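Reading through the structure tokens given below for one structure.
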Number of protein chains: 4
Amino acid sequence: MDLITIEYIGKQPKLVNPILIEGLPGIGNVGKLAVEHLIDNINAKKFAELYCKDFPPQVFINPDGTIELVKNEFYYWKAEKKNQRDIVLLTGDYQGLSSQGQYELVDNILAILKKLGVKELYTLGGYGLGHEINRPQVLCATTDKELVSKMKKLGAVFKKNEPGGGIVGASGLLLGLGKLRGFKGACFMGETPGYLVDPKSAKAVLKVLMNLTKIDIDVSALEKKAKEIEQIAQQLRDFETSTKEKPEDLKYIG
Amino acid sequence: MDLITIEYIGKQPKLVNPILIEGLPGIGNVGKLAVEHLIDNINAKKFAELYCKDFPPQVFINPDGTIELVKNEFYYWKAEKKNQRDIVLLTGDYQGLSSQGQYELVDNILAILKKLGVKELYTLGGYGLGHEINRPQVLCATTDKELVSKMKKLGAVFKKNEPGGGIVGASGLLLGLGKLRGFKGACFMGETPGYLVDPKSAKAVLKVLMNLTKIDIDVSALEKKAKEIEQIAQQLRDFETSTKEKPEDLKYIG
Amino acid sequence: MDLITIEYIGKQPKLVNPILIEGLPGIGNVGKLAVEHLIDNINAKKFAELYCKDFPPQVFINPDGTIELVKNEFYYWKAEKKNQRDIVLLTGDYQGLSSQGQYELVDNILAILKKLGVKELYTLGGYGLGHEINRPQVLCATTDKELVSKMKKLGAVFKKNEPGGGIVGASGLLLGLGKLRGFKGACFMGETPGYLVDPKSAKAVLKVLMNLTKIDIDVSALEKKAKEIEQIAQQLRDFETSTKEKPEDLKYIG
Amino acid sequence: MDLITIEYIGKQPKLVNPILIEGLPGIGNVGKLAVEHLIDNINAKKFAELYCKDFPPQVFINPDGTIELVKNEFYYWKAEKKNQRDIVLLTGDYQGLSSQGQYELVDNILAILKKLGVKELYTLGGYGLGHEINRPQVLCATTDKELVSKMKKLGAVFKKNEPGGGIVGASGLLLGLGKLRGFKGACFMGETPGYLVDPKSAKAVLKVLMNLTKIDIDVSALEKKAKEIEQIAQQLRDFETSTKEKPEDLKYIG
């Protein structure tokens, strides 16, 4: 069994000089949230499913009672205006579980993208701060020096030595291995506390993506989700405060 | 050394349009208990043993002092009535240890099943609730929409978003990878607290299997085991209650 | 790089119907202690070193300041009397680290043994009881039923359902995979508390080996080591008792 | 995708009977600090980058905002005086993550070195003592007996049974596997507490390297770093002392 199985849905799309936008599960699920929102909003079409034996041995259950093997998914969207470009979108349930699996998987994905004519990669993720943040900025890192000033103009921020640990996972590896294979691109990282899924951070990332893609994206659904998460976060803070004030009560728990 | 070694006992059976019933170790050991009970009850014949280097490096010791390398086992049973079908049964000591190993192993098993003419897969497992349950229901998920109503008629239950985490391990992967390879089927998951082996849940699963296979199965042995386990569970609850009441006694333990 | 590298020292020995005696690191280091003692005592000759990439990436340092890559070692001994048989001995620094590595390694070792004409395997190990034991017995498990009574005559003991967890690691796998490859043999497991290296248990195993091999082995060195370990064990028990009696003293540690 | 990708920068250097000096991340980062300092000091030229799928799936971010896939790096330096030799230097971000990966990676590196004409390997590391040390010695281990006295003359120290656990990782494996492939060499291990990066220990190692290479190395930058680390260590000790004296204060932390 090969590392990946790629199942095309209908014909492969014919795209003109497309860019990739990738968002897989990660810190605050920022990247995945942003790409899924974008897919819904621009009505992108799924054209391939990717199964990988480095994903967990797991199926999810659809609302209709049928199962789905865990997977990654490729979508595409064709430019509607002259200042826009065709887009390939990549999201999914999981990243590879092992280090070697991640490398192999990303290498396979790059080969698929090359066949589709993709030369530019934009990867999305979260930058975990470990503390609350009011107005998340979108940090950036690029494959090439000349992209730095371009990305700044789109609203992305470059902070020296941040993230200090670099970028771990598919968003980093797509750029890192991609650079070796001749791709160019950038990673957009929305600042996030990192404790919960973070639609507010995803919204900040989408704002930069709007500037990049020249697409108008309605972010009201993300804003609604952000409010729900904020309520959950407040409840967790309240619970923490109440248990801190009366630690002796804890003796009766468990 | 190949991932799996398959040792046939005598000739491979000639089966007419057989179905697979699989039950390997898992939550509450529900699936394994159910299939082993079925094998005993219908006097199914073992026709192959499967060894796999993704199992633990371990032998078990038989009552007569001889060793057995850990393995999976294939049995078959030939239909005795017109409304019945031939059955291949799969059980064993372990599932694969690693994610990649699980994918490879299940892929190998699907190839073996295809050669035997199997097109329908019924996999058994437990659905861990984390709390006691009086009358375990049997949850279900299927490869195809049209199987949902069929399985409901057999007594299986579909609950939206349950199990929320999907199905992890061989029972899920057989259906997930199987679907990609052209198989159809369903997974029956007996509700179980998940703390101990659960013959009561296995019995519930067997009731659904009786409806599926049109075989009368004597479940009295499982009922007896269920009573024994219930006694052990009660003893554990009593012990917990007593230690909670007198926590100071714990100081003298260990 | 292949999984194993085998380096022969001089020519491969020509042996007549040899048996294997294996003892690698494990519970109480019983097997390794026993085989190393036997090698010293009968002056067996090393004829091969086995390196394996599933061992840790580690070198040991010899007393003379030179390094040695961690390895397994093969020795041989040629029968001196008519009632004796040629012997291949296997010991070493490590077993394979991963499950798949263990299977591959043992499979490779079996191929080497087959070339040497070995058909019978005797593997040594410890059976961890988790409590002190005065007179360790030597439990046994065999590949074949007819070997059970033979091993009983040598002083080995068969207890129904013991060890309950079977045999994990090379000692079990050599017999388990070996059986599939046409080898016969037995595993001798010296009972041991399992907390410390256990020369007393190794001595008990050697007593059975003496009966098997018809070789007189001087076990006085093991007896001396056993007394040293007993002193260490007593000191640990004393320390435990003293710290239990005065738990408040612990406040001043660390 | 192969385990390693090697990217040459310009032409491969033509070297005359060069030696290798290796220092990768490890205990106290002693080896990496020493080699990086040496590279800066002698102005060695980078000629190759090595990427490996057994490294973490990670990119680092340069000060200019561009990303770098984690890697190892090869440098060279050509002898300037008659009593000096050409040098290949190896350093990098990571060692291999898995045992099998470490073996494969080191085996690949040895093949690269062989092509460059390297026959002698000098590997650097730290020897973690677990306690403070005023004047770190440089322990040594060699592939061959005749190298022991040579290394002693350079100022390296041989202590019987130290390090007791041998040498784990690339520094040990380069010598261990290298010995099997016909290389000779030694490992220099600077004594270090092992808690923090240790420029003082790296300086001690460089002193021995100066004797080996007949190169004058300015260690003032390392001495400055060592003072900074000593201040941090003192602050940590002060903090520990203060918290030990007033343990009740800890209740208000976190």
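Since the structure is predicted, the reported quantities are computational estimates derived from the model, not experimental observations. A, B, ... follow the sequence lines: proteins, then strands. Residue 1 opens every chain. Because only heavy atoms are used, hydrogens play no part in the values below, and waters and symmetry mates are left out as well, while side chains stay in.
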In terms of ring plane angle, is the pair Phe47(B) and Tyr8(B) parallel, tilted or perpendicular, where the classes change at 30° and 60°? parallel

Proximal component of [X], with respect to chain C [non-hydrogen, under 4.5 Å]:
| X | answer |
| --- | --- |
| Leu97(B) | side chain |
| Glu7(B) | side chain |
| Phe55(B) | both |

- prompt: Are Thr123(C) and Ile167(C) side-chain neighbours, meaning at least one heavy-atom pair lies under 4.5 Å?
  reply: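 The answer is no, as the side chains (C-beta and beyond) never meet within the 4.5 Å cut-off.
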
Using heavy-atom distances under 4.5 Å, tell me whether [X] contacts chain B through its side chain, its backbone, both, or neither.
| X | answer |
| --- | --- |
| Lys145(C) | both |
| Asp144(C) | backbone |
| Leu3(C) | neither |
| Gln95(C) | neither |
| Val168(C) | both |

Note: Gln102(C) and Gly169(C) closest approach over all heavy atoms is NE2-CA, 3.9 Å

So CG of Asp93(B) and CD of Glu73(B): to nearest 0.5 Å the spacing works out to 7.0 Å

inquiry  = Set out, in order, the CA-CA distance, both residues' side-chain angles and the distance that settles side chain to side chain donor-acceptor pair (under 3.5 Å) for Gln137(C) and Lys159(C), then state yes or no.
reply    = CA-CA 11 Å; Gln137(C) 288 187 301; Lys159(C) 291 185 186 173; 3.2 Å; yes

Interface check, chain C: of Asp54(B), Val59(B), Leu69(B), Val70(B), most non-hydrogen pairs under 4.5 Å belong to Val59(B)

